[in-house]
**Student:** 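Dropping the structure in here first, questions after.
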Protein chains: 2
Amino acid sequence: MPTSEHAEAPASSRKRGESRSRLITAAAQLFQEQGYAATGLSEILDRAKMPKGSLYHHFPGGKVELGAAAMECAGQVLQQTLSARLESRGSSAEAIRAFSQDLAGWLEGSDFTKGCPVATVALEQANGEPDLVAAIRSAFEGVIQALSDQLTAEGRTPERAHRLATFCLSALEGALVLARTQRSSEPVRMAGEELAVLISDSARA
Amino acid sequence: MPTSEHAEAPASSRKRGESRSRLITAAAQLFQEQGYAATGLSEILDRAKMPKGSLYHHFPGGKVELGAAAMECAGQVLQQTLSARLESRGSSAEAIRAFSQDLAGWLEGSDFTKGCPVATVALEQANGEPDLVAAIRSAFEGVIQALSDQLTAEGRTPERAHRLATFCLSALEGALVLARTQRSSEPVRMAGEELAVLISDSARA
DNA sequence: TCCAAAATAGACCGACCGGTCTATATAGAC
DNA sequence: GTCTATATAGACCGGTCGGTCTATTTTGGA
């Protein structure tokens with residue numbers, strides 16, 4: 001155990017942060033696999049190996065607050081994965097191709113239990129808890145923005161870039177829906193290919 | 001057993017069919033709006049104005065059986081709407097454009113409570129009840145097949161047609177997810193436009 | 001008309017839901 | 001060491017869940 005933890009973050013927040021993030025991770029996984037309503041607090045607590053008291057200590061707002069945190073976290077993972085691809089590959093077309101392979105890998109690696117961590121809750125809560133909707137909206141927005149920025153940097157107009165980025169996310173999200181029901185990552189790989197071609201073509205235009 | 005059974009549509013099935021379909025319709029609407037797990041039987045019964053006894057009379061398998069019937073019904077609606085567009089418009093590109101406008105209209109007309117009647121349940125039950133998964137899979141398959149047939153008739157190879165049809169459905173499904181969270185039908189209209197262009201281009205190739 | 005099947009009606013059940021509450025343990029500040 | 005957050009721990013609550021069960025009403029064929 002390190003002797004000094006002071007620096008900028010108070011030492012007392014170390015364990016606090018760890019417990020919080022364990023809860024968020026467990027919740028995000030379960031919501032991703034089976035949705036928000038179908039996931040009971042007891043299930044989350046089991047996976048996080050925590051008592052109920054801790055949950056309501058870290059998230060006084062209960063399930064909704066935890067859900068919002070989980071959506072925010074999931075959105076960041078999505079966005080960071082995409083951003084990493086945008087940096088490592090030069091073009092957005094290649095980044096989308098790689099990103100779709102990431103998604104396909106997630107599907108296969110989880111036996112098709114894990115698609116988009118946000119979409120399941122997005123659909124069932126679209127007209128539900130405002131806090132959840134807000135977190136979900138900003139998660140999607142972040143992904144679109146990241147892609148849109150790159151598309152703009154490649155010479156497209158901001159309007160066209162935003163359209164294209166939204167379309168890419170649409171296609172990948174939908175492909176994840178089909179992929180999970182078909183238990184095949186083919187729709188996602190297909191979508192990645194089609195989008196890469198589309199983006200390349202639109203660059204030439 | 002009596003030897004009756006005559007004809008194929010006995011009068012006794014009129015009211016029976018009506019009750020069944022009222023339940024299916026109510027269930028399909030609620031599942032579409034808020035998902036399978038979040039919808040209680042009492043809520044379905046309220047909307048259908050039926051007692052619980054009737055539900056278990058028509059659907060001895062309970063919620064799962066009703067859910068499967070609702071998904072099947074919803075899939076047919078989706079497929080018939082698309083098929084109608086495929087017939088009325090000559091080309092698949094125009095049909096997709098019109099179909100996406102249908103979807104956008106559904107969204108706006110319901111204040112964004114109604115997106116794809118199948119997708120919500122598809123995500124939350126992807127690794128859940130097998131009967132539901134089967135109904136959902138065949139619903140999607142029917143839509144893809146209808147579109148794929150038209151694309152093939154227009155001269156594409158069956159493989160290419162199937163790829164393209166899957167991609168179209170992916171893009172529209174994903175667009176519906178974004179549209180509901182953004183409370184705007186723009187993503188759907190955009191997707192329709194992009195797909196129409198894509199299909200037209202692929203015809204020239 | 002009469003009757004069995006079909007359909008409606010809803011009370012009732014155990015299980016589990018999200019949430020509250022009190023009690024205990026742990027750790028950093030002084 | 002002592003004191004006070006902070007965090008862990010889990011019993012407990014009212015409500016609702018899906019599902020079962022027993023009546024009663026309706027209905028169409030004989």
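Chain A is the first sequence line, chain B the second, and so forth, proteins listed ahead of strands; every chain is numbered from 1.
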**Student:** Please confirm whether the shortest side-chain N or O distance from A/Lys63 to OP1 or OP2 of C/dG18 is below 4.0 Å.
**Tutor:** yes
**Student:** Does this structure show an ion pair linking A/Glu33 with A/Arg180, if we count only N-O contacts that are shorter than 4.0 Å?
**Tutor:**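 Result for this pair is no, no salt bridge flagged.
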**Student:** What integer distance in Å separates A/Tyr56:OH from D/dC13:C1'?
**Tutor:**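 From A/Tyr56 OH to D/dC13 C1': 13 Å.
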**Student:** On DNA chain C, nearest-nucleotide positions of A/Leu41 versus B/Lys49: which is more 5'?
**Tutor:**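 That would be B/Lys49.
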**Student:** Applying ring-ring contact (aromatic ring centres under 6.0 Å, His included) as the test, list every pair that has at least one member in residues 17-47 of chain B; sequence neighbours left out.
**Tutor:** B/Phe31-B/Tyr36
**Student:** Would you mind checking if A/Arg160 and B/Glu194 are paired as a salt bridge, meaning a charged N to carboxylate O distance below 4.0 Å?
**Tutor:** yes
**Student:** Only pairs with both distances under 3.5 Å count, Watson-Crick or wobble alike; so what is the partner of D/dA5 in this structure?
**Tutor:** none
**Student:** So which nucleotide from D/dA9, D/dG19, C/dG10 ends up closest to the side chain of A/Pro51?
**Tutor:**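 Given the options D/dA9, D/dG19, C/dG10, the side chain of A/Pro51 is closest to D/dA9.
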**Student:** Name the closest nucleotide to the A/Ser42 side chain, picking from D/dT20, C/dC17, C/dT20.
**Tutor:**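 Among the listed nucleotides, the one closest to the side chain of A/Ser42 is C/dC17.
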**Student:** Distance check needed: C/dG18 P versus A/Phe59 CZ, whole Å only.
**Tutor:**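 So the CZ-P distance, A/Phe59 to C/dG18, works out to 15 Å.
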**Student:** Between A/Thr120 and A/Gln32, do the side chains contain an N or O donor and an N or O acceptor separated by less than 3.5 Å?
**Tutor:**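 A/Gln32 and A/Thr120 do not have a side-chain donor-acceptor pair below 3.5 Å.
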**Student:** Name the closest nucleotide to the A/Met50 side chain, picking from D/dT8, D/dG19, C/dT20.
**Tutor:** D/dT8
**Student:** Considering Watson-Crick and G-U wobble pairs with both distances under 3.5 Å, what does C/dG14 pair with?
**Tutor:** D/dC17
**Student:** Would you say A/His57 reaches D/dA7's phosphate, i.e. side-chain N/O to OP1/OP2 under 4.0 Å?
**Tutor:** yes
**Student:** Rounded to the nearest angstrom, tell me the gap between atom CG in A/Leu23 and atom P in D/dA9.
**Tutor:**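 Spelled out: CG on A/Leu23 to P on D/dA9 is 12 Å.
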**Student:** How many Å lie between NE2 on A/His58 and P on C/dG19, as a whole number?
**Tutor:**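 So the two atoms are 17 Å apart, to the nearest Å.
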**Student:** Among D/dT20, D/dA11, C/dT8, which nucleotide has an atom closest to any side-chain atom of B/Lys52?
**Tutor:** D/dT20
**Student:** When the distance from CG of A/Asp46 to P of C/dC16 is rounded to whole Å, what number comes out?
**Tutor:** 12 Å
